[in-house]
Student: 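Okay, handing you the structure first.
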Protein chains: 2
Amino acid sequence: MLNQNSLSVAQDCSECPIRHRAVCARCETDELERLEDIKYYRRFEAGQTVIWSGDKMDFVGSVVSGIASLTQTMEDGRTQMVGLLLPSDFVGRPGRNTAAYDVVATTDVVMCCFRKAPFEELMEKTPHIAQRLLQMTLDELDAAREWMLVLGRKTAREKIASLLSIVARRDASLNMARLSGAVTFDLPLTREAMADYLGLTLETVSRQMSALRKDGVITLEGKRHITVPDMSVLLEEAGDDTDGGLLV
Amino acid sequence: MLNQNSLSVAQDCSECPIRHRAVCARCETDELERLEDIKYYRRFEAGQTVIWSGDKMDFVGSVVSGIASLTQTMEDGRTQMVGLLLPSDFVGRPGRNTAAYDVVATTDVVMCCFRKAPFEELMEKTPHIAQRLLQMTLDELDAAREWMLVLGRKTAREKIASLLSIVARRDASLNMARLSGAVTFDLPLTREAMADYLGLTLETVSRQMSALRKDGVITLEGKRHITVPDMSVLLEEAGDDTDGGLLV
DNA sequence: TAACCATCTTGATCTGTATCAATGCCGCTC
DNA sequence: GAGCGGCATTGATACAGATCAAGATGGTTA
């Protein structure tokens with residue numbers, strides 16, 4: 001799995017990714033230290049629903065390891081993934097009492113949580129935290145809007161390439177690797193999860209993955225281990241002009 | 001046009017919509033009063049680009065009258081609207097120096113603006129403002145994610161119904177009207193703009209509008225003036241289960 | 001080693017939406 | 001009131017991706 005570094009991120013924040021810091025007791029000012037006593041960890045197994053849309057959501061937190069996803073479902077069962085939570089991503093709705101979407105563990109997941117009420121109280125007293133949360137939310141909004149272009153206007157092949165480049169870039173920057181040249185990573189999603197994220201069927205995903213492989217854009221080892229010989233080719237396939245886009 | 005109330009909203013904030021208050025000098029605490037001297041108005045003609053993606057964005061503000069849209073464009077010209085700015089909506093990227101998308105005036109638009117640097121400075125000193133901005137941004141994020149379901153999984157007919165119900169509900173609440181029963185409003189978008197928002201072609205939009213008319217879901221007077229005899233039927237067509245969704 | 005199950009691949013066919021192409025409508029100008 | 005230009009409608013056809021349907025693969029259990 002991607003970044004299976006268990007609890008170390010949360011406990012030693014010298015390597016703590018920026019988004020995680022907002023809710024991690026060891027990273028911040030003295031103010032934040034006080035949150036130590038309301039911090040706790042939660043584990044979820046792959047497939048488990050962390051929280052259902054509409055349910056009371058009394059915590060905020062961030063993903064320590066594993067992958068979770070935000071999904072919306074229609075009455076007839078059609079589902080759309082609206083966000084991917086990779087390690088260090090924040091989840092929570094300060095100022096809101098219920099979840100707006102289902103949060104589902106896509107792999108086994110460990111989350112670092114804080115009870116929401118004390119967190120919000122601290123947020124009000126510490127402008128610093130509110131500011132950071134605003135920045136994070138703006139970033140997510142940008143990412144969501146970028147994804148709207150993918151969903152609304154890109155072809156199936158471009159959609160797949162877009163997803164792969166997001167995961168590759170995200171993985172690469174967590175590993176402090178370079179973005180140019182070859183990149184190797186594990187894609188921790190089933191074909192069905194990919195389809196839900198991209199607004200496609202799993203058969204179309206499978207076909208397009210095969211096509212990208214045949215065309216030499218990617219190499220597959222097993223179902224999930226992917227090598228991109230040349231990231232610029234993948235970005236080209238994704239139809240990204242300037243690149244530089246953010247991601248959930 | 002929708003809510004053609006010119007400058008009165010900004011100058012007398014007793015009726016000032018909640019989102020506008022965040023940047024309106026007369027609505028807030030003494031702190032905000034100080035911003036008075038950096039407040040100004042800008043007018044844009046229909047079709048005019050307020051700001052290009054990637055350009056320096058040195059103001060924040062909100063729409064006083066008219067409609068603007070946030071759009072993303074691919075190299076080959078495919079475009080996707082990623083947000084609709086209706087009167088009272090906020091635009092700006094605190095903490096960021098460049099625009100992330102094109103902002104285009106869809107009708108004639110008046111915006112109430114503040115220079116960004118002083119606004120940000122004030123935001124840091126006044127947690128209240130940062131909090132409000134965070135809430136607004138979280139709402140927009142919810143709306144964007146709701147729209148991802150529309151783009152990724154809904155049929156053309158459902159997409160049209162979703163757009164109409166958003167504009168109808170938004171218009172109705174601004175006018176303090178009830179949501180049940182019949183609703184009448186002007187849809188201030190060309191068929192092409194609708195298509196850009198929905199990830200469709202303008203021909204498909206036109207066909208589905210005709211179909212909804214034939215089926216009695218809507219009544220058209222001219223091209224733009226729309227009556228919905230029964231909102232619940234429209235919401236049904238949109239595939240919304242619980243409704244209650246927010247909107248940009 | 002075999003049987004099993006979840007996941008993935010591939011093929012054949014269908015269908016919703018795009019594409020290409022006329023035609024219609026309406027306000028504006030001269 | 002004729003002509004023009006921007007928008008909208010409608011029709012005919014093409015095609016990308018969905019749907020339906022077999023298999024294939026690979027890991028796990030017995």
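Atom set for the values below is all heavy atoms of this structure, side chains included, hydrogens, waters and symmetry mates excluded. Note that the coordinates shown come from a computational prediction; the quantities given were computed from them, not determined experimentally. The sequence lines fix the lettering, A, B, ..., with proteins before strands; numbering per chain opens at 1.
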Student: For A:G47, answer base if it contacts any base atom (sugar-phosphate contacts may also be present), sugar-phosphate if it contacts only those atoms, and nothing otherwise; contact means non-hydrogen atoms under 4.0 Å.
Tutor: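 Nothing, no heavy atom under 4.0 Å.
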Student: Quick one about A:T79 and A:T73 (side-chain donor to acceptor, distance below 3.5 Å, no hydrogens or angles considered), yes or no?
Tutor: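 Note: A:T73 and A:T79 side chains miss the donor-acceptor criterion.
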Student: Between A:L200 and A:K223, which is nearer to the 5' end of DNA chain D once each is assigned its nearest nucleotide?
Tutor: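 Checking each residue's closest nucleotide, the 5'-ward one belongs to A:L200.
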Student: For B:G47 versus B:V104, what's the shortest heavy-atom pair and its separation?
Tutor: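 Result for this residue pair: O-CG1, 4.0 Å.
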Student: Excluding sequence neighbours, so at least two apart, what forms side-chain contact (heavy atoms from CB on, under 4.5 Å) with A:T106?
Tutor: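 Residues passing side-chain contact (heavy atoms from CB on, under 4.5 Å) with A:T106: A:I67, A:S69, A:L189.
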Student: Please identify each residue that fulfils side chain to side chain donor-acceptor pair (under 3.5 Å) with A:T190, with sequence neighbours left out.
Tutor: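 A:T190: no side chain to side chain donor-acceptor pair (under 3.5 Å) contacts found.
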Student: B:R93: what forms a salt bridge (Lys or Arg N to Asp or Glu O under 4.0 Å) with it, not counting sequence neighbours?
Tutor: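 With neighbours one apart ignored, the set is A:D142.
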Student: For residues 49-65 of chain B, which residue pairs pass the salt bridge (charged side-chain N to carboxylate O under 4.0 Å, His left out) check, not counting sequence neighbours?
Tutor: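 Every pair satisfying salt bridge (charged side-chain N to carboxylate O under 4.0 Å, His left out) with a residue in residues 49-65 of chain B: there are none.
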Student: For B:S53, give me all partners under side-chain contact (heavy atoms from CB on, under 4.5 Å), at least two apart in sequence or on another chain.
Tutor: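 Checked B:S53 against side-chain contact (heavy atoms from CB on, under 4.5 Å); matches are B:D102.
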Student: What is the 5' to 3' range of DNA chain C, first to last nucleotide, that sits under 4.0 Å from any heavy atom of chain B?
Tutor: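 So the outermost contacting nucleotides come out as C:dT17 to C:dC20.
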Student: NA contact type, B:T201, heavy-atom cut-off 4.0 Å: base, sugar-phosphate, or nothing?
Tutor: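 Answer is base: heavy atoms of B:T201 come under 4.0 Å of a base.
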Student: Using the test side-chain contact (heavy atoms from CB on, under 4.5 Å), find all partners of A:E45 that sit at least two apart in sequence or belong to another chain.
Tutor: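 Counting only residues at least two positions away or on another chain, A:E45 forms a side-chain contact (heavy atoms from CB on, under 4.5 Å) with A:Q48, A:D108.
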Student: Which residues pass the side-chain contact (heavy atoms from CB on, under 4.5 Å) test with B:A211, not counting sequence neighbours?
Tutor: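 Result, side-chain contact (heavy atoms from CB on, under 4.5 Å) vs B:A211: B:R157, B:Q208.
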Student: Establish, for the pair B:R169 and B:F185, whether the NZ or CZ atom is under 6.0 angstrom from the six-membered ring centre and no further than 45 degrees off its axis.
Tutor: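 No, cation not above the ring by the 6.0 Å, 45° rule.
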Student: Only pairs at least two apart or in different chains count here, so list each salt bridge (charged side-chain N to carboxylate O under 4.0 Å, His left out) that has a residue in residues 197-210 of chain B.
Tutor: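 Pairs touching residues 197-210 of chain B that pass the test: none.
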Student: Would the distance check show the side chain of B:D215 and the main-chain N or O of B:L212 forming a donor-acceptor pair, the cut-off being under 3.5 Å?
Tutor: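 Between the backbone of B:L212 and the side chain of B:D215 there is no qualifying donor-acceptor contact (under 3.5 Å).
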Student: How bent is the helix from C:dT1-D:dA30 to C:dC30-D:dG1, comparing axes over its five end pairs at each side, to the nearest 10°?
Tutor: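 Inter-axis angle at the termini of the helix from C:dT1-D:dA30 to C:dC30-D:dG1: 30°.
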Student: Let me confirm one number: the CD-CG distance from A:Q80 to B:L149, rounded to the nearest 0.5 Å.
Tutor: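 The CG atom of B:L149 is 6.5 Å from CD of A:Q80, to the nearest 0.5 Å.
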Student: Of all nucleotides in DNA chain D with an atom under 4.0 Å from a non-hydrogen atom of chain B, which is the first and which the last going 5' to 3'?
Tutor: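 Counting from the 5' end, contacts occupy D:dA8 to D:dA12.
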Student: Tell me which residues in residues 202-212 of chain A put a heavy atom below 4.0 Å from DNA chain D, sorted by number, or none.
Tutor: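 Output list: A:E203, A:T204, A:R207.
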